[in-house]
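So the structure is just underneath, and the comments pick up after that.
Throughout, protein chains are lettered first and strands after them, A, B, ... in sequence-line order, and every chain is numbered starting at 1.
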Amino acid sequence: MSDGAVLAVRDLRTVFPSESGPVTTVDKVSFSLGAGETLAVVGESGSGKTMTFLSVLRLVPPPGRVIGGEVLFEGADIATLSASAMRSIRGAGIAMVFQDPLTALNPVFTIGDQMLEVIRAHTGMGPRQARVRALEVLERVHIPAPAQRIDDYPHQLSGGMRQRVLIAMAIALRPKVLIADEPTTALDVTVQAQILELLAELRSELGMGMVLITHDLGLVAKYADRVAVMYAGRVVETSPMARGFGQSRHPYTRSLFRSIPRLDLPADQPLTAIAGQPPDLARLPAGCAFEPRCFLGNGREDCRNERPALSPTTSDRHLSACPHWRTLLDAEPGA
Amino acid sequence: MLRYTARRLLLMSITVIGMVTVVFFLLRAIPGDPASYMLGDYATEESVAALKAELGLDRPVWEQYLGFVKRALTGDLGTSVVTGQPAFDEVLESIPWSAALSVSGIIIAVLAGVPLGVMSAVRHGTFADLFVMLGALIGISFPVFWVGLVCILLLAHEVRLFPALGASSSQDFFTQVHHLMLPALVLGFSVAAYIARLTRSAMLEVLGQDFVRVARAMGVPERRIVYRLALRNALIPVLAVIGVTFAWSLGSAILVEAVFSRPGLGSMILKAVFARDYQLVQAGVFVLASAVVLVNTSLDIVYGWVDPRVSVS
């Protein structure tokens with residue numbers, strides 16, 4: 001997949017200084033994304049999902065800093081671009097949709113005004129032409145009567161409508177990559193499905209590569225082509241979605257999958273949780289970061305002393321950072 | 001929008017009527033009256049009583065109030081007992097002096113305070129930010145009369161840039177402006193300090209909001225983000241406060257007028273209070289209260305226009 005990749009990231013590292021030493025929030029993260037493909041990025045809060053993509057866009061909030069790695073966008077490394085060249089890629093080449101549509105729009109400007117600001121930042125369009133473009137994309141994200149809606153202020157729209165506006169803003173310049181950072185977390189369940197359907201539809205119509213950051217494994221199974229699992233700032237497994245989580249080759253992914261509440265089990269069955277707490281990024285163990293919570297590793301010498309690298313398993317499209325992945329396949333055939 | 005404006009205008013007249021009423025009764029509650037003040041320490045009780053009767057001060061207070069309201073409704077605010085001139089005309093004469101000082105002070109304050117506050121926020125934590133905030137701290141904590149005296153000493157005495165007197169009898173416009181500059185700067189400095197601090201904190205808050213991050217992620221240039229998208233949000237609290245600082249600047253103006261020996265509404269009212277010149281105080285308060293309320297109301301209307309969430313709800 002990496003040859004045709006529209007976005008390929010190699011060994012990306014982002015560090016935040018802290019009193020107890022530098023904290024690596026994104027630790028040698030690598031992944032690639034093909035045109036028209038949906039990559040889901042899952043993991044607990046604080047696992048570095050959002051920070052990875054803010055690093056890709058070079059929008060890491062200070063005092064955080066990207067300290068290494070390559071970001072290849074359409075084959076060219078954008079990690080070394082000048083600030084203004086980078087700005088012209090944001091929004092136009094790689095666009096991002098954020099979690100909370102209620103705070104993501106500026107309350108004192110009409111939605112049309114805000115869309116024009118984005119469109120005109122990247123094109124030489126005059127206000128009239130840009131407005132025509134804005135109306136087109138509003139139509140495209142299925143906002144009813146866009147000609148009336150365009151002059152509304154954000155507070156006059158519902159949460160779902162606002163997320164549609166933000167999506168419209170993100171696709172207005174036909175980006176090659178759309179990063180959707182938990183786009184439905186703040187929305188009602190019924191609206192969630194509509195937004196995801198819209199994103200899927202736009203992805204195939206516009207041929208964008210899409211990154212879906214989420215912690216909802218149900219969404220991953222339904223919408224993603226591939227999935228990258230993150231833990232403590234690292235990617236611990238990437239696999240084609242067709243295999244399903246039951247085939248996962250990392251104990252963390254297995255544990256995540258088992259902790260999904262299931263309707264087919266008796267109601268009095270207690271929910272399964274992963275034992276322990278996510279690690280403190282400032283004090284990561286020398287070996288595998290998941291080792292203290294792992295049902296496989298406990299006690300193994302190599303897990304405690306060596307940091308395992310992301311390596312191919314049975315195929316080079318299914319990578320795992322667990323050297324004992326074979327044990328998983330033998331131990332739990334029915335999981 | 002029209003209803004919002006109409007409601008504001010109604011509230012505004014109620015406020016002015018309330019102010020004038022309170023002042024009317026408060027004045028009569030202070031010991032002393034214009035008759036004894038005018039006739040001096042050696043006046044006989046009969047002559048004081050006679051003058052009181054002539055001025056209508058012997059009647060019950062509520063009767064005096066009704067008479068005042070009746071006359072005020074026809075536009076007559078009474079006659080100054082000290083000068084014998086219609087009180088309103090006396091007030092009108094001092095308005096240009098006060099208006100020139102307050103308005104130029106506020107304009108200086110906004111023109112200096114808002115950009116300095118924005119710059120401080122954008123470069124927060126740098127030396128420039130520290131420098132501006134230090135200056136603002138001085139402006140807020142040092143009393144305006146002290147700053148005025150120091151300015152006279154430095155800028156009028158040591159370096160003869162400005163005249164030490166804040167007023168001139170000359171009719172020449174440029175001479176007047178030259179005299180106005182130092183008092184206006186002194187008044188503007190203390191208000192600017194306040195506005196700069198407020199703008200800085202409002203701007204810092206806005207720049208941390210989600211929609212700013214979204215605009216950055218969409219590639220909107222930083223200049224547009226700061227000076228258009230964020231500034232309009234940050235100006236909402238600043239606008240609200242400009243009305244308050246206007247009232248406050250009219251108060252400080254009394255001190256500035258005193259330091260620079262400048263005529264004005266503030267010093268006129270002060271003198272009238274000492275002379276128990278009821279009519280003149282009432283007329284002065286009426287004009288002051290109207291000015292403050294008018295400025296605040298127009299700002300409220302502008303507010304509703306800047307922040308679309310206000311007029312709709």
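When all heavy atoms of A:Leu166 and B:Met218 are compared, the closest pair comes out as O-CE, 4.1 Å. Among all heavy-atom pairs drawn from B:Val214 and A:Phe98, the shortest one is CG2-CD1, 3.5 Å. The heavy-atom pair separating A:Arg90 from B:Ala217 by the smallest distance is CB-O, 3.4 Å. Nearest heavy-atom pair across B:Leu229 and A:Asn106 is O-ND2, 3.0 Å. Considering every non-hydrogen atom in both B:Asn233 and A:Pro107, the closest pair reads OD1-CG, 3.5 Å.
Between the CD atom in B:Gln209 and the CG atom in A:Leu105 there is a gap of 12.5 Å [rounded to 0.5 Å]. Between B:Ile225 atom CD1 and A:Glu117 atom CD the span is 8.5 Å, to the nearest 0.5 Å. Rounded to the nearest 0.5 Å, atoms CZ (B:Arg216) and CG (A:Leu57) are 13.0 Å apart.
Within 6.0 Å of the CZ atom in B:Phe286, the count of heavy atoms belonging to other residues, nucleotides or ligands does not exceed 12. No more than 12 heavy atoms of other residues, nucleotides or ligands lie within 6.0 Å of OH in B:Tyr194, so this atom counts as exposed by the packing criterion. For B:Met181, the CE atom sits in a loose shell: 12 or fewer heavy atoms of surrounding residues, nucleotides or ligands are nearer than 6.0 Å.
For A:Ala170, the parts lying under 4.5 angstrom from a heavy atom of chain B are both the backbone and the side chain. At a 4.5 Å heavy-atom cutoff, A:Ser88 makes no contact with chain B through either its backbone or its side chain. Residue contact with chain B, scored on non-hydrogen atoms closer than 4.5 Å, involves the backbone and the side chain of A:Met169 alike.
Side-chain atoms of A:Arg87 come within 3.5 Å of backbone N or O of B:Gly219 as a donor-acceptor pair.
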CA sep, side-chain torsions, deciding dist, call: A:Leu54, B:Arg213, side-chain contact (heavy atoms from CB on, under 4.5 Å) = CA-CA 10 Å; A:Leu54 289 178; B:Arg213 190 170 68 153; 4.0 Å; yes
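In terms of heavy-atom pairs under 4.5 angstrom with chain B, the leader among A:Ile89, A:Asp113, A:Val97 is A:Asp113. Most heavy-atom pairs under 4.5 Å with chain A, from the set B:Glu222, B:Arg228, B:Arg224: that is B:Arg228.
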